[in-house]
Peer 1: 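Please find one structure pasted underneath; my questions will follow.
Throughout, a chain's letter reflects where its sequence line sits, starting with A, and its residues are numbered from 1. Not measured: the values here are computed from a predicted model. Because only heavy atoms are used, hydrogens play no part in the values below, and waters and symmetry mates are left out as well, while side chains stay in.
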2 protein chains.
Amino acid sequence: MTEGRAPRADAVRNRKKILTAAREQVTAHGPDVGMDEIAAAAGVAVGTLYRHFPTKTDLVAAVVEEFVAQVADDAEAACARVASGARAWDEITGFLTRLTEEVATNHAVKAATQTLGAVPDDKADEDRAGAALTTLIQAAQSDGDLHPDVSVADIYLLFATAPTERPPAARARWLTLVLFGLTPRGRTGGAAL
Amino acid sequence: MTEGRAPRADAVRNRKKILTAAREQVTAHGPDVGMDEIAAAAGVAVGTLYRHFPTKTDLVAAVVEEFVAQVADDAEAACARVASGARAWDEITGFLTRLTEEVATNHAVKAATQTLGAVPDDKADEDRAGAALTTLIQAAQSDGDLHPDVSVADIYLLFATAPTERPPAARARWLTLVLFGLTPRGRTGGAAL
DNA sequence: GATCATCATGAACCACGGTTCATTTTTTGG
DNA sequence: CCAAAAAATGAACCGTGGTTCATGATGATC
């Protein structure tokens, strides 16, 4: 019923080439690359792209989802290290540092963060990332290293707005500001947080 | 030499209408509104836009500069209140709250913040805003309410990334996070900040 | 290796948006 | 009022970029 026939060999080969090329091009030039350029990078004609992906949006979405998976892997790895005795706060800062770098460098990831908190697409990878992050957050909070009512949504909110097109120094500074805030350490802060 | 002839009456009238319409349209729909729409809103033909502004970029820049001036006014007003005895920290949070709101609501201001720290255009209004902010920052730092090495560039950096297209609650939360950071109040933070 | 479904090709199509310019209208100054 | 200059008009131009489709090639099956 769902099985018409086995897909042709060159079809699967091309599909891989397309995904690879799309990944590279979207990473390098953002989601606004032309279909022509992706096709050229894949060594394939434009029409072939449309055979595999009905629309450009679908192709880009496929690429973006790959990076969501990658971020989820990263978060889970950090989680595992915490389970092995690593300090949760260090893993969180490490994860956020890498994420900041990715968002700044990789235009596809930038696009991914925009959708992270908000889209109704049920993505397994997004759930994985959320679960891992939750664990990390709770561990760091138990250690007293992270403010008690910081949530996963907060992390998404902040990193949906991480800086792009800025020099590395600015990225590092941004992360520091976000981690420690504008108020001095000693001051007992506002009521909300 | 620089005086050819007095400009025609309808010309100045149209110029005003164009700037007003452009302000409204860019505010409402962002810098990506079509020239057609701006022209329609102004009750004028497209060609007229190009008589007054050689390119779309110039028109949008004019609008954006208006908002930079507005932000500068706001900062200076806050500054004046501090001079009259208001607490600097309260004025800073007030200013930043209003700015967050503007960035989220007003697409033109969003565009403005992107250029604030980075463009080589020598704008008097930008200098005004910078000077006022510097004063505010130093006052708050003297009171011990603001971390000692926060600079104007930091504020620009953060607000270049203020959230757009998010519900008001998210905007408020974002500001709280930025003000107080992710680490708990008691903890003596990282070396850098 | 013949047949056929599947797939690839790429020129052409189309919508969109910034820009131009020949023509017409309006204002100005005498 | 009447030219002449200045300004307004808007249809047309043009580049860009996503999408389609008639045609030709290729892999799978018997």
Side-chain angles (χ1 to χ4, degrees), chain A residues 1-65 107-108 110-111 114-115, chain B residues 1-64 107-108 111 114-115:
Chain A
M1 181 185 179
T2 61
E3 194 54 54
R5 192 157 306 190
R8 247 168 60 171
D10 58 346
V12 300
R13 203 184 323 133
N14 278 333
R15 184 165 234 279
K16 271 178 198 157
K17 290 201 294 182
I18 289 171
L19 274 172
T20 302
R23 197 181 310 131
E24 290 171 358
Q25 295 298 311
V26 174
T27 296
H29 310 124
D32 291 338
V33 256
M35 290 295 260
D36 300 352
E37 301 186 52
I38 297 178
V44 148
V46 250
T48 307
L49 299 190
Y50 285 92
R51 170 163 289 275
H52 291 274
F53 300 91
T55 187
K56 180 183 177 176
T57 306
D58 294 304
L59 176 53
V60 172
V63 169
V64 164
E65 256 190 84
H107 288 125
K110 177 66 178 177
Q114 307 292 8
T115 74
Chain B
M1 181 185 181
T2 61
E3 193 55 57
R5 190 157 308 187
R8 243 168 66 171
D10 57 347
V12 300
R13 204 184 322 135
N14 279 334
R15 186 167 233 278
K16 271 179 198 157
K17 290 202 293 182
I18 289 171
L19 274 173
T20 303
R23 196 181 309 133
E24 289 173 357
Q25 295 298 309
V26 174
T27 296
H29 311 125
D32 291 338
V33 256
M35 289 295 261
D36 299 353
E37 302 186 51
I38 298 178
V44 149
V46 251
T48 307
L49 299 190
Y50 285 92
R51 170 163 289 274
H52 291 274
F53 299 92
T55 186
K56 180 184 177 177
T57 306
D58 293 306
L59 176 53
V60 173
V63 169
V64 165
H107 287 126
Q114 307 293 7
T115 74

Peer 1: In whole Å, I'd like the distance from the CD1 atom of Ile38(B) to the C1' atom of dG18(C).
Peer 2: 11 Å

Peer 1: From C-beta outward on Val46(A), which listed nucleotide comes closest to its side chain: dG10(C), dG27(D), dT28(C)?
Peer 2: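 Nucleotide nearest to Val46(A)'s side chain: dG10(C).
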
Peer 1: Between dT9(C) atom C1' and Lys17(A) atom NZ, what is the distance in whole Å?
Peer 2: 13 Å

Peer 1: May I ask you to verify if any side-chain N or O of Asn14(B) is less than 4.0 angstrom from the OP1 or OP2 atom of dA7(D)?
Peer 2: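 So the side chain of Asn14(B) is outside the cut-off, no N or O lying under 4.0 Å from OP1 or OP2 of dA7(D).
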
Peer 1: How long is the straight-line distance from CG of Leu49(A) back to CZ of Arg15(A), given to the nearest 0.5 Å?
Peer 2: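 It comes to 11.5 Å.
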
Peer 1: Val44(A) side chain: which of dG10(D), dA11(C), dT9(C) is closest?
Peer 2: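 Nearest listed nucleotide: dT9(C).
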
Peer 1: Could you state the interatomic distance from CG (Leu19(A)) to NZ (Lys16(A)), rounded to the nearest 0.5 Å?
Peer 2: 10.5 Å

Peer 1: Hey, which sits more toward the 5' end of DNA chain D by its nearest nucleotide, Asp36(A) or Gly47(A)?
Peer 2: Asp36(A)

Peer 1: Measure from the side-chain heavy atoms of Ala45(A) and tell me the nearest of dG10(C), dT26(C), dC7(C).
Peer 2: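 The nucleotide sitting nearest to the side chain is dG10(C).
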
Peer 1: Rounded to the nearest angstrom, tell me the gap between atom OH in Tyr50(B) and atom P in dA12(D).
Peer 2: 18 Å

Peer 1: If you check the Lys56(A) side chain, which of dG10(C), dA8(C), dG18(D) turns out closest?
Peer 2: dG18(D)

Peer 1: Given dT26(D), dA28(D), dA8(D), identify the nucleotide with an atom nearest to the side chain of Ala9(A).
Peer 2: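 Selected nucleotide: dA28(D).
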
Peer 1: Describe the nucleic acid contact of Val33(B) in one word from base, sugar-phosphate, nothing, applying a heavy-atom distance below 4.0 Å.
Peer 2: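 Result for Val33(B) = sugar-phosphate.
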
Peer 1: Could you tell me the separation between the CG atom of Leu49(A) and the P atom of dC21(D), rounded to a whole number of Å?
Peer 2: 17 Å

Peer 1: Between Glu37(B) and Ala11(A), who's closer to the 5' end of DNA chain C by nearest nucleotide?
Peer 2: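 The residue mapped nearer the 5' terminus is Ala11(A).
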
Peer 1: If the cut-off is 4.0 Å, is His52(B) near the phosphate of dA7(D), judged by side-chain N/O to OP1 or OP2?
Peer 2: no

Peer 1: Would you confirm whether Lys56(B), through its side chain, and Pro31(B), through its main-chain N or O, come within 3.5 Å as a donor-acceptor pair?
Peer 2: yes

Peer 1: Would you indicate, yes or no, if dC7(C) has its OP1 or OP2 atom less than 4.0 angstrom from a side-chain nitrogen or oxygen of Thr48(A)?
Peer 2: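 No, no such contact exists.
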
Peer 1: How far does CD1 of Ile38(A) sit from OG1 of Thr48(A), to the nearest 0.5 angstrom?
Peer 2: 13.0 Å

Peer 1: CZ of Arg15(B) versus C1' of dA8(D): gap in Å, rounded?
Peer 2: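 In whole Å, dA8(D) C1' lies 15 Å from Arg15(B) CZ.
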
Peer 1: Rounding to a whole Å, what distance do you find between Arg51(B):CZ and dA7(D):P?
Peer 2: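 Arg51(B) atom CZ is separated from dA7(D) atom P by 6 Å.
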
Peer 1: Taking atom CG of Asp58(A) and atom NE2 of His52(A), what is their separation to the nearest 0.5 Å?
Peer 2: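 The CG atom of Asp58(A) sits 13.5 Å away from the NE2 atom of His52(A).
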
Peer 1: What's the CG-C1' distance between Leu59(B) and dG17(C), to the nearest Å?
Peer 2: 15 Å

Peer 1: Counting only side-chain nitrogens and oxygens, does Arg8(B) get under 4.0 Å of the OP1 or OP2 atom of dA7(D)?
Peer 2: no

Peer 1: Quickly work out the Asp10(B) CG to dT24(C) C1' distance and round it to whole Å.
Peer 2: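 Distance, rounded to whole Å: 14 Å.
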
